[in-house]
Amino acid sequence: MAQLSESVTLDREGDVAVITIDNPPVNALSWHVRQGLADGFAQAVEGGASAIVLICAGRTFIAGADISEFGQKPQGPSLHDTQLAMENAPVPVIAAIHGTALGGGLEVALCAHYRVALDSSKFGLPEVNLGLLPGAGGTQRLPRLVGVPKALDMMTSGRHIGAADALGDGLIDEMVEGDHDALRNAALAFAARAVANNMPLAKVRDRDEKVAEARGNEQLFADFRATIARKTRGFLAPEYNVRCVEAAANLPFDEGLQVEAELFRELVTGSQSAAQRYYFFAERAANKIPDVPKDTPLVDIQRVGVLGAGTMGGGIAMNFANIGIPVTIVERDQESLDRGLGVVRKNYERSRSTTAEQVEQRMSLLTGSTDKADFADCDLVIEAVFEDMELKKSVFAELDQICKPGAIMASNTSFLDIDEIASATSRPESVIGMHFFSPANVMKLLEVIRGEQTSASVIATAMALGKQIKKVAVLSRVCPGFIGNRILAQRRFEADRLILEGATPEQVDRVLYDFGLPMGPFAMMDLAGLDIGWKAETSNSSTVRDILCESGRRGQKNGRGYYTYDPETRAATPDLEVVAMIREFAVSKGYEQREVTDQEVLERCLYPMVNEGAKILDEGVAIRGSDVDVVWVNGYGWPVYRGGPMFWADSVGLPEVVAKIREYGERLDGDHWELSPLMEKLATEGGQLHQFSN
Ligand code: 3H9
């Protein structure tokens, strides 16, 4: 066996050369892999091999280019040259695939003459999620095998497809059951057959029939663009991927490759991809807790308990049923329980990805009860009761009596003090916050809140469970509102003040929407319901919200809030009556009315958020700046192409942000304009918030 580079070896099985990549964890195409591949193909051909098998060691086939190399000085041979050596090899080249063949990995496999894959393997071009497009020929080769509509879908969504699908589409030539050895043997057998039968050296680039179907069909592309427009608003990469597929359909292969290369270059050097690549690693870093080692023993979670079958409790329960963990749901009375379980069933039935059989299977994992004593056999209990400290404490005191030793007791509170809640129990080490976002079965973020005494094992278990239920878990320490809502509160305060000074709710919302957020603060309040936490008996016309609620406006639910809503379409229209009510109220409070620029709206809404994020870091509430970004991207829809509030502030430039906060702080009151000492220090020293780590 010859070691070609630190990660690639070449050996022989009879006449067949076997090139093996071993570059853990995911066999990314680092420069030494490319080097090894280039040498491997050259040596195999020189050595007179009758065929060449390319296979990977470890958990997966190549999962793509090495993302950490983007933006660095190029080293080693280009991927393009390696691919040419493969495609033009004078003997059959067979890619043997297990795990995930993604991005550059699939693009390498597409340069083999044949592909053999395990039945568990998956295939995709997920570059779009990094603000990119497949830059190694994938945009031209994939449509030639799977057809234009499917290639468009895969490339603009980043979706993976399974082996059976891939076989059906002609993306692979043979599907194999079994383990890695079975794959290797099948690939060697395929190679022997290819030689014996003199099979052609099939090049994907020469295939034309599937792309020809879409040639000149402008309507197909226009229709596709319309279907993704809403989901991809603000992103460059999806449109660039579409343009490449258009080129695949309409241009000769080499010209299509040129289009791909030009658009790839534009994306890879642009700000969106830089933000999205940063975010890829940010999400993975969030799982690493410095004082909770990787090998911390976990609590074995066989059964979960959820207290409360309302929207939140039901949504939380669904997450566990989805991965086969049985759940005990407890409600106050049978009627509320039945209602809650009914909503869960409807949610499952409405989901297009859940079959009727799966609905029944998941529902059978949910056991309803009206007695908390039924939590006795649960390994984790999550309460989702009303946000009231006394109520939470009494619930935890009761759980303390019921739960078995070692069981985790979690609160879904969005802002209350976990330490105070834990003080109601005899085992604060078992108490933790698990803050799901609504709707809990859909939203990706899980804020995990460690109390002063929460044990390492409980923290590690909550974080690991988060990953298991396909959430992105971020760890926070205790403070009012934790990471996400604490930052949100600053924006809300300033948005409320902006409309008193002369901005309209519509203006504030539009500015934030155009920035890339899914909706602005007023549309968000209308959606949530203006009367949440508002009581007619105690309302005293002291805020705009008070006067809107007093005039019968409740938000979307009754068609009137900051906006008026069309009863059929739910479309919002700015309401002149509301604007007049706000003006009258503002004048009565002594606010001078003036025109507020969009730029001021943006700065006053976003800079206090950045400032608060920096304070959260300074206090050690979040472990790292990137964790704050992960919370805001996943929990509040911060546009990932701007990285998150910390990354965005760094891209604006901290000295500029600091100067503006000082400027606004001179004329506006509020703690949120008091400059974070950490941000001041970083701005002076040339540091960055998104790289800051406690
Ligand atoms: C591309 O290919 C461009 C080409 O078209 C053009 C070329 C010219 N690079 O996610 P995990 C690390 S763009 C470097 O927790 P899982 C990751 O950071 C690429 N590192 O595991 C983590 O490190 P750590 C297109 C990578 O089992 C560790 O591996 N490909 C890369 O949940 C484990 O990752 C993609 O976008 C990489 N490409 O999921 C695929 N990938 O342990 C991106 C992973 O230190 N990758 N790492 O935190 C994935 O989707 C998932 O990682 C995968 C495994 C499904 C493979």
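Remember, it's 1-based here, ligands and their atoms both numbered in the order they're listed.
In this model, no donor atom of one side chain and acceptor atom of the other lie less than 3.5 Å apart for Asn23 and Ser7. Thr9 and Gln3 share no donor-acceptor pair across their side chains, judged by distance under 3.5 Å alone.
Listed by number with element, the atoms of ligand 1 under 4.0 Å from a non-hydrogen atom of Pro25 are 28 (C), 29 (O). Remark: ligand 1 atoms within the under-4.0 Å shell around heavy atoms of Phe280 are 18 (O), 41 (N), 43 (C), 44 (C), 46 (N). Within the listing of ligand 1, atoms 24 (P), 45 (O), 48 (O) sit less than 4.0 angstrom from a heavy atom of Lys288. Atoms of ligand 1 found under 4.0 Å from any heavy atom of Asp66 (numbered from 1 in listed order, with element): 9 (N), 14 (C). Applying the 4.0 Å criterion to heavy atoms of Phe281 picks out, from ligand 1, the atoms 18 (O). Atoms of ligand 1 lying under 4.0 Å from any heavy atom of Pro134, numbered from 1 in the order shown and given with element: 5 (O).
Every N/O-N/O distance between Leu79 and ligand 1 stays at or above 3.5 Å. Considering backbone and side-chain atoms together, Gly104 places an N or O closer than 3.5 Å to an N or O of ligand 1. For ligand 1, one of its N or O atoms has an N or O atom of Ile67 under 3.5 Å away. An N or O contact shorter than 3.5 Å is missing between His160 and ligand 1 by distance.
Atom 23 (O) of ligand 1 is not flagged as protein-proximal [any protein heavy atom, distance under 4.0 Å]. There is no protein heavy atom closer than 4.0 angstrom to atom 53 (C) of ligand 1.
For the ligand labelled ligand 1, residue Arg59 lies inside the 4.0 Å heavy-atom shell. Contact between Gly138 and ligand 1 is absent, with no heavy atom of the residue lying under 4.0 Å from the ligand.
Between Tyr279 and Phe647, the ring center distance fails the sub-6.0 Å criterion.
Among pairs with a residue in residues 54-102, those fulfilling ring-ring contact (aromatic ring centres under 6.0 Å, His included) read His98-His180, at least two apart in sequence or across chains.
The closest non-hydrogen atom to atom 34 (O) of ligand 1, taken over Arg284, Gln83, Lys294, comes from Arg284.
Shown here is Lys122, whose NZ atom has no more than 12 heavy atoms of other residues, nucleotides or ligands within 6.0 Å.
Tested against Glu447 for a side chain to side chain contact (heavy atoms under 4.5 Å, CB included), the candidates Ile483, Asp627, Asn634 yield a single pass: Ile483.
At a heavy-atom distance under 4.0 Å, only side-chain atoms of Leu130, from C-beta outward, approach ligand 1.
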